Amino acid sequence: MLNVINKSRYSRRAFLGILGAGLTSSLLAGHRKVKVARPNIIFLLTDDQRAGTLGASGHPFIKTPNLDKLTSDGVRFSRAFIAEPVCSPSRVSLFTGQYERVHGIGFSSSYDLSEQQWENTYPALLQKDGYYTGFVGKFGVEYYAFRGNAKSKFDFWKARDGWARFFPKGKGKGAIYNDCKEEIITPITGECIDQFLDSTPGEKPFCLSVSFSAPHGCISGSMFPGESGNTRMTNPANENPKLKDHPVYGNLYRNKDVKIPDDCTGDPYKHIPIEVLDQNDGRNKTYSYNYDRKTCLEHHFRYYQLITGIDKVVGELRASLKKRGLSDNTIIIYSSDHGLLMGEYGMGGKALLYDLTTKIPLIIYDPRLPKNKRGKVIDELVSSIDITSTIMKYAGAEVPAAMQGKSLIELMKNQDTPWRDHIFLESLFVWRGNPFIEGVRTKDWKYLRYFKFKGKPNGDHYLEKDANFADKEPVFEQLFNLKNDPMEKTNLIDNPEYNDILEGLRGKCKNESQKMVNIRKGMDKKITR
């Protein structure tokens with residue numbers, strides 16, 4: 001069963017927290033403002049940003065000075081992975097702290113996020129516990145029982161369902177931005193962050209969730225007039241008169257020797273057989289720009305520009321917090337909803353379990369962390385669902401038993417803290433010809449197994465029983481030695497030299513998979529579409 005919140009206990013805690021925080025400057029000599037005891041929390045989430053796309057993580061030319069500074073002031077996790085490498089389920093996992101196999105919500109699943117499930121998300125729990133909550137940007141859950149009423153779940157709402165365009169203003173979903181001065185989606189997001197900060201009551205701590213649309217293809221693919229998210233990006237975006245002289249979205253990086261993958265336009269079936277994943281079922285149409293070398297190069301230019309645009313907003317945010325006197329008590333968490341293939345393996349898109357799709361940037365900045373703990377790089381295996389538990393712990397709230405992640409706070413304070421030796425990965429997105437995929441990753445090895453979905457690949461939704469692989473044989477397996485083959489190009493599954501390692505990882509994968517199924521069986525059923 002889902003963990004049930006003791007409302008009376010939370011009400012008492014919220015009252016006491018507000019009472020303590022309410023000893024404001026009007027009660028003190030000199031009218032000094034008293035800091036709220038519990039920290040403010042800002043969670044910044046980008047869209048499609050893979051690991052390694054920051055100066056601080058070793059990228060050779062990308063300009064991210066503000067994120068690099070956030071890293072040197074905070075802690076960077078070099079082995080952070082998303083629980084679900086697809087937009088909608090990954091966001092539900094971040095809200096709930098659960099794998100998709102447990103929460104059941106995804107583009108190709110049969111279930112909607114219920115009211116009861118929402119009550120056990122970090123925004124709902126923190127709001128009950130006295131936090132002022134806000135959401136800015138792409139809500140991105142897509143499927144929930146309270147659709148059209150998400151605004152009521154936050155104290156501040158400047159958000160939308162689904163995708164946006166580079167220039168988002170207009171009718172429909174874009175109308176929420178018509179009151180903003182900025183014209184481009186990322187600076188608009190920064191403007192909305194400031195609107196939230198203007199709205200916060202002084203007597204409460206706040207928790208703001210920000211979901212950038214960039215550098216998702218819907219943004220990079222709509223920078224030139226007439227383009228949409230799936231357009232091949234045949235025109236250089238800087239030929240758009242609105243962007244020609246823009247310091248970020250104009251010529252930035254276009255004079256760099258930007259390399260696209262050597263295997264772009266190569267044979268994808270060298271890596272995953274056609275009978276397991278047929279590219280013609282939709283992957284090569286949805287991400288068509290990464291199946292052509294010229295348009296793939298244009299995508300790379302735009303992709304890096306969009307990340308630098310986000311970096312600029314992060315710098316403005318930190319300056320705004322400092323100006324408001326909030327910087328000493330505001331935690332900032334920065335990550336992404338998943339990575340992205342940009343021509344590697346002859347493919348584009350996400351929903352696979354290569355490191356390029358599952359590995360994400362993760363920075364946590366806690367201004368209260370001792371100086372000798374800052375600027376560290378932690379190499380332990382971290383999951384996106386750990387972020388959820390970390391937010392709860394930072395807020396001083398109880399972490400529900402239904403949340404599957406581990407708080408990262410102790411690991412930040414002491415890197416010798418006992419930690420996991422492997423991490424479970426899964427992708428249950430079965431449209432566009434994708435199979436079910438699951439596996440385990442250690443620091444040096446990765447094992448993956450693939451199962452075909454029996455329904456129609458571009459329309460049917462899977463049920464719980466479809467994602468129970470206890471009595472099923474995989475149609476394909478992969479084994480990678482990450483130490484010798486970090487780009488995961490050589491499948492060692494048939495090499496007898498590694499049989500012992502293979503069997504050990506197979507066992508771990510089966511155990512983790514069945515654990516997810518068993519947890520799901522013990523929960524209330526969600527609303528079926």
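Computed from heavy atoms alone, side chains included, the values below leave out hydrogens, waters and symmetry copies. None of the values given here were measured: they were computed from a predicted structure.
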Derivation and outcome, salt bridge (charged side-chain N to carboxylate O under 4.0 Å, His left out), residues Asp155 and Lys204: CA-CA 12 Å; Asp155 298 303; Lys204 282 187 175 185; 5.3 Å; no

Quick check for you: to the nearest 0.5 Å, what is the distance between [X] atom [atom1] and [Y] atom [atom2]?
X      : Y      : atom1 : atom2 : value
Leu208 : Ile332 : CG    : CD1   : 10.5 Å
Glu316 : Lys323 : CD    : NZ    : 12.0 Å
Ile62  : Asp68  : CD1   : CG    : 9.5 Å
Ile391 : Ile409 : CD1   : CD1   : 10.0 Å
Glu426 : Thr358 : CD    : OG1   : 12.5 Å
Ser220 : Met342 : OG    : CE    : 7.5 Å

Which pair of heavy atoms, one from [X] and one from [Y], lies closest together, and at what distance?
X      : Y      : result
Pro367 : Asp328 : CG-O, 3.5 Å
Arg79  : Lys443 : NH1-CD, 3.6 Å
Val377 : Asp379 : CG1-OD1, 3.7 Å
Met403 : Ser389 : CB-OG, 4.2 Å
Thr133 : Phe154 : OG1-CA, 3.6 Å
Lys406 : Pro418 : NZ-O, 4.1 Å

Does any part of the side chain of [Y], heavy atoms only, come nearer than 4.5 Å to the side chain of [X], both counted from C-beta?
X      : Y      : value
Thr442 : Leu505 : yes
Lys138 : Cys87  : yes
Ile184 : Leu243 : yes
Leu252 : Tyr304 : no
Tyr99  : Arg520 : no
Val92  : Gln117 : no
Lys158 : Cys180 : yes
Met412 : Lys373 : no

Centres of the [X] and [Y] rings: under 6.0 Å?
X      : Y      : value
His299 : Phe301 : no
Phe166 : Tyr249 : yes
Phe196 : Tyr132 : yes

For the pair Lys393 and Asp386, evaluate salt bridge (charged side-chain N to carboxylate O under 4.0 Å, His left out) and give the outcome as yes or no after the intermediate values. CA-CA 11 Å; Lys393 282 286 189 180; Asp386 295 333; over 6 Å; no

Identify whether the distance between the nearest side-chain nitrogen and carboxylate oxygen of [X] and [Y] falls below 4.0 Å.
X      : Y      : value
Asp355 : Lys446 : yes
Lys128 : Glu119 : yes
Arg441 : Glu488 : no

Quick check against the 3.5 Å criterion: does [X] have a side-chain atom that pairs as donor or acceptor with the backbone of [Y]?
X      : Y      : answer
Glu191 : Lys181 : yes
Asn66  : Asp311 : yes
Ser108 : Leu428 : yes
Trp118 : Leu113 : no
Ser336 : Gln49  : yes
Arg76  : Ser57  : no
Glu100 : Ser93  : no
Thr330 : Ile41  : no
Ser72  : Lys69  : yes
Ser384 : Ala83  : yes

Determine whether Gln98 and Thr388 satisfy the following criterion, side chain to side chain contact (heavy atoms under 4.5 Å, CB included), listing intermediate values before the conclusion. CA-CA 9 Å; Gln98 298 171 339; Thr388 318; over 6 Å; no

Can you tell me if [X] has over 12 outside heavy atoms packed within less than 6.0 Å of its [atom1]?
X      : atom1 : value
Lys173 : NZ    : yes
Lys63  : NZ    : no
Lys169 : NZ    : yes

Glu84, Glu512, Glu438 screened by salt bridge (Lys or Arg N to Asp or Glu O under 4.0 Å) with Arg101, the one that passes: Glu438

Does either side chain, that of [X] or that of [Y], offer a donor lying less than 3.5 Å from an acceptor on the other one?
X      : Y      : result
Arg38  : Tyr131 : no
Thr53  : Tyr303 : no
Thr308 : Tyr253 : yes

Just to verify, which of Asp337, Leu306, Ile219 counts as forming a side-chain contact (heavy atoms from CB on, under 4.5 Å) with Asp47? Asp337

Would Lys153 and Phe146 count as a cation-pi pair here, with the cationic atom under 6.0 angstrom from the ring centre and within 45° of the axis?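 Positive - Lys153 is close enough to the ring of Phe146 and near enough to its axis.
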
Face-on cation placement of Arg91 at Tyr144 ring, 6.0 Å and 45° thresholds: no

Report the C-alpha distance between Asp194 and Arg324 in whole Å, list the side-chain angles of each, state the deciding distance to 0.1 Å, and finish with yes or no for salt bridge (charged side-chain N to carboxylate O under 4.0 Å, His left out). CA-CA 11 Å; Asp194 257 356; Arg324 297 168 187 271; 3.5 Å; yes

CA sep, side-chain torsions, deciding dist, call: Ser109, Tyr143, side-chain hydrogen bond (donor to acceptor under 3.5 Å, both in side chains): CA-CA 10 Å; Ser109 80; Tyr143 305 109; over 6 Å; no

Classify the angle between the aromatic ring planes of Trp163 and His216 as parallel (below 30°), tilted (30 to 60°) or perpendicular (above 60°). tilted

Dump the intermediate steps for ring-ring contact (aromatic ring centres under 6.0 Å, His included) on Phe95 and His103, then the final yes or no. CA-CA 10 Å; Phe95 280 136; His103 63 65; over 10 Å; no

Could you please spell out the steps behind the side chain to side chain contact (heavy atoms under 4.5 Å, CB included) verdict for Ile378 and Leu408? CA-CA 10 Å; Ile378 295 178; Leu408 300 171; over 6 Å; no

